[in-house]
Amino acid sequence: MKVLVVGAGVAGLTTALRADALGHTVEVVVKGSLGDGCTAHAQGGIAGAYGPGDSPALHALDTIHAGDGHGDPVAIAALVDGATAALAALVDAGVVFDRDADGAVARGLEAAHSVPRVAHAGGDATGRVISDALVARMGASGIRVRESAFAAELLLGRGRVRGIRLLGGAEIAADAVVLATGGAGRLYACTTNPAGTTGDGIAMALRAGAAVADLEFVQFHPTVLAAGEPFLISEAVRGAGAVLRDADGRRFAFDAHPDGELAPRDVVARAVVRQALAQDSPVLLDATMLGGDTLRTRFPTIDAELHRRGIDWSRTPVPVATAAHYLMGGVVTDVDGRTTIPGLWAVGETARTGVQGANRLASNSLLEGAVFGARLAEALDAPFAANAADRPLPSQRVSVSGRESDTLPDGNGAEPFSRSALQRLMWDQVGLLRDDAGLERAVRVLDVWRAPQPQTAAEQEDANLLDVARAVASAALARTTSLGAHFRLAPQPTLIGAA
Ligand code: SIN
C-alpha cells in the first residue's frame with residue numbers, strides 16, 4: 001500500500017517507520033525540514049506506568065481526571081496500555097532515557113500525576129532526543145522524504161481520499177494519507193509552539209468535510225517566561241519542587257486548588273492569569289530552592305536559555321505567564337487513526353482520539369504520538385470503510401467558508417485580515433477566559449475575514465489558520481458551559497435603571 005505521511009513529529013515518524021517495517025511503500029511530506037516541528041521543542045517527557053507503585057489503571061484515572069471527565073475511556077486504555085511498548089520502541093530506535101541510581105528509567109513527577117511516572121531524555125530535552133533518533137532512523141530506512149513541500153489540499157474521488165495536492169499544484173497519489181501536522185498554537189498571539197504550527201492538517205481535513213471535535217479545548221501552559229520571546233519553563237520544574245509566588249511572595253496556587261502548583265494544568269493556568277490581572281504584573285516561578293547544580297543537571301536546556309538571557313534562576317524567581325500550548329481536539333479518529341473519510345488517517349495532536357479529554361495530562365502528548373502512530377501503521381491493512389462507517393462518532397462538522405447562520409450581526413468595523421490581527425483576536429476573545437460577547441464577536445469577525453488565494457507558504461498558513469480559527473471559535477461559542485480548558489466567565493449582571 002502507498003502511504004503518504006504529512007508531517008514529521010513523533011506521531012508522523014513513528015507511523016512512517018512502522019509502516020515501512022510492515023512492508024508498505026511510505027513517503028513523508030513536510031513543509032519545512034525533518035525535525036523542525038513541535039516534538040523537538042517538548043521539554044516534558046513521556047508518561048507511562050513504567051515501574052513499581054504505578055499501573056496503567058492509575059495512569060488512566062489521572063488522565064481522565066485531568067481531562068475533566070471528558071476523555072474517552074477506550075482510547076485512554078489504549079494509550080496507557082501502550083506506554084511500555086512505546087518506550088521500548090523508542091529505546092530500540094536509539095533514544096537514551098535518563099536512568100536512576102539503580103539503572104531503571106528515572107521517573108519524574110508532573111502536575112496532576114498521582115505518582116512520578118514521566119520518563120525524560122537529556123533532562124528537559126526529551127523531544128529533541130526523540131526527534132533526533134527518529135530522524136536518524138528515517139535516514140537509514142530509505143523512506144522517501146520531500147522537504148519544503150507544503151500539503152495544501154486532499155484529493156478526493158469515489159468517496160475516499162486519493163492523495164494530496166501540494167502548494168504549487170503538484171499531486172501525489174496514495175492509498176492512505178496520514179495527517180500528522182501537529183496542532184495550531186500559532187492561532188494565538190503568545191504560544192510555546194514553533195512558527196510552523198498553523199493547523200495545516202486540521203484545515204485540510206475541515207475543507208474535505210472530515211468530522212472534527214473538541215476544538216474548543218485549547219490548553220494554555222501556565223509557566224512561560226514573561227520576559228522577551230515566550231520560552232517554556234517545564235512543568236517538571238514544579239514537579240521537582242519549584243513554586244509560584246505572587247508579588248508579595250505568597251504561594252497563591254493553593255487558593256485555586258488543594259494541589260497548588262501541581263493541580264491540573266488548566267486550573268494552574270487560570271490561577272496564574274487571575275493573579276497577574278489582580279496585581280497587574282506577572283507572577284513569579286521560584287526555583288531557587290532547587291539550587292544551581294540541580295537546575296543545571298536536570299534542566300540543562302532551560303538553564304542555558306535563561307543564562308543566555310541574563311537570568312540566574314538559582315538566585316532569582318522568574319516572571320512567568322500563560323501561553324497557548326496544545327490543542328486537545330482535532331480530526332476525529334477511532335483508536336487506530338481512521339477519520340470519517342475512507343483513506344484519510346490522523347495521528348498525534350492533529351487527531352482527536354479522545355485521550356486528552358478537555359485538558360491534557362502533562363507528558364501524555366509524546367506518548368499519544370508514539371502509541372497511536374504504531375497502532376495506525378498496524379491498522380493500515382484493515383478494511384477502512386467497514387470500521388469507519390460502523391462506529392459511533394462525535395460528528396461535529398464545521399463550516400470553513402463562514403458561518404451558515406445569520407443570527408449574529410456582521411463583523412463590520414473589524415480591522416482587515418492579517419495573521420497578527422487573527423492572533424490578537426483569538427488571544428483576546430477565544431483565549432483562556434472566555435465570555436459570550438467576546439466569542440460572538442470573534443465568530444462574527446472571523447466570518448467576514450477572507451484570506452488571499454494562497455500562492456506562497458505564508459499565505460497557505462494564513463488560510464489554514466483562518467479556517468481552524470473559525471472552527472475553534474464556533475466550537476467555543478457552542479459550548480455554553482465551562483469544562484476543562486474551556487472556561488466561560490459568567491455574564492456580568494446588567495444594572496437596570498443605572499444612570
Ligand atoms: C512541560 O514540559 O511543561 C510541557 C509538557 C507537556 O506539555 O506535556
Side-chain angles (χ1 to χ4, degrees), residues 9-11 37-48 59 62-63 66-67 71 79-80 83 86 98 106-113 116-131 182-185 188 191-194 197 217-226 230-244 253 261-269 272 285 287 290 295 298-303 305-306 313 318 320-328 348-349 355-371 484-485:
V10 61
C38 259
T39 292
H41 290 252
Q43 295 174 359
I46 177 159
H59 185 187
D62 289 346
T63 300
L79 177 81
V80 299
D98 300 340
R107 293 176 288 154
L109 183 64
E110 288 179 17
H113 288 276
R117 66 159 70 89
V118 180
H120 290 94
D124 56 6
T126 314
R128 165 60 59 200
V129 174
I130 288 176
S131 177
Y188 289 91
T191 179
T192 61
N193 293 186
T197 318
F217 300 116
V218 178
Q219 183 169 77
F220 289 76
H221 198 287
T223 54
V224 175
L225 185 66
F231 177 71
L232 180 66
I233 302 185
S234 177
E235 202 154 270
V237 177
R238 278 174 282 133
V243 300
L244 288 163
E261 289 88 356
L262 295 181
R265 193 174 282 172
D266 58 329
V267 175
V268 180
V272 164
L285 179 69
L290 299 178
L295 293 175
R298 288 195 55 185
F299 308 109
T301 313
I302 302 169
D303 189 67
E305 179 62 19
L306 292 183
W313 62 328
V318 293
V320 290
T322 59
H325 184 60
Y326 188 86
L327 187 57
M328 270 68 74
E349 194 173 347
V355 298
Q356 311 299 3
N359 172 61
R360 179 173 60 81
L361 181 68
S363 288
N364 265 356
S365 54
L366 291 175
L367 180 64
E368 182 181 3
V371 169

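In this chain, residues are counted from 1 in sequence order. Indexing begins at 1, ligand by ligand and atom by atom, following the structure's order. Computed from a predicted model, the values in this text were never measured in an experiment.
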For ligand 1, which is the ligand I care about here, please tell me if [X] has any N or O atom under 3.5 Å from one of the ligand's N or O atoms.
X	value
Q219	no
G44	yes
E110	no
N364	no
S365	no
Q43	no

Is the side chain of [X] donor-acceptor paired with the backbone N or O of [Y] at a distance under 3.5 Å, no angle test?
X	Y	answer
D266	F220	no
T223	I233	yes
T39	V10	yes
E261	L244	yes
D124	T301	yes
T197	G183	no
Q43	L232	yes

Give the atoms of ligand 1, by number and element, whose distance to some non-hydrogen atom of [X] is under 4.0 Å.
X	result
S363	6 (C), 8 (O)
E235	1 (C), 2 (O), 3 (O)
A362	8 (O)
H221	1 (C), 3 (O), 4 (C)
H325	4 (C), 6 (C), 7 (O)

(request) Starting from atom 2 (O) of ligand 1, find the nearest protein heavy-atom neighbour and note its residue, name and distance. (result)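 I find the closest protein heavy atom is S234 OG, 2.6 Å.
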(request) Among all protein heavy atoms, pick out the one at the shortest distance from atom 5 (C) of ligand 1; state its residue, atom name and that distance to 0.1 Å. (result)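 Going atom by atom, the protein heavy atom closest to atom 5 (C) of ligand 1 ends up being R265 NH2, 3.4 Å.
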(message) Once you restrict to heavy atoms under 4.0 Å, what part of H120 touches ligand 1? Side chain, backbone, both or neither.
(response)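 The answer is neither; H120 stays 4.0 Å or more away.
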(message) Parallel, tilted or perpendicular, judged at 30° and 60°: which one describes the rings of H113 and H59?
(response)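 Correct class here is tilted.
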(message) Between H120 and T126, do the side chains contain a donor N or O and an acceptor N or O under 3.5 Å apart?
(response)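 H120 and T126 do not have a side-chain donor-acceptor pair below 3.5 Å.
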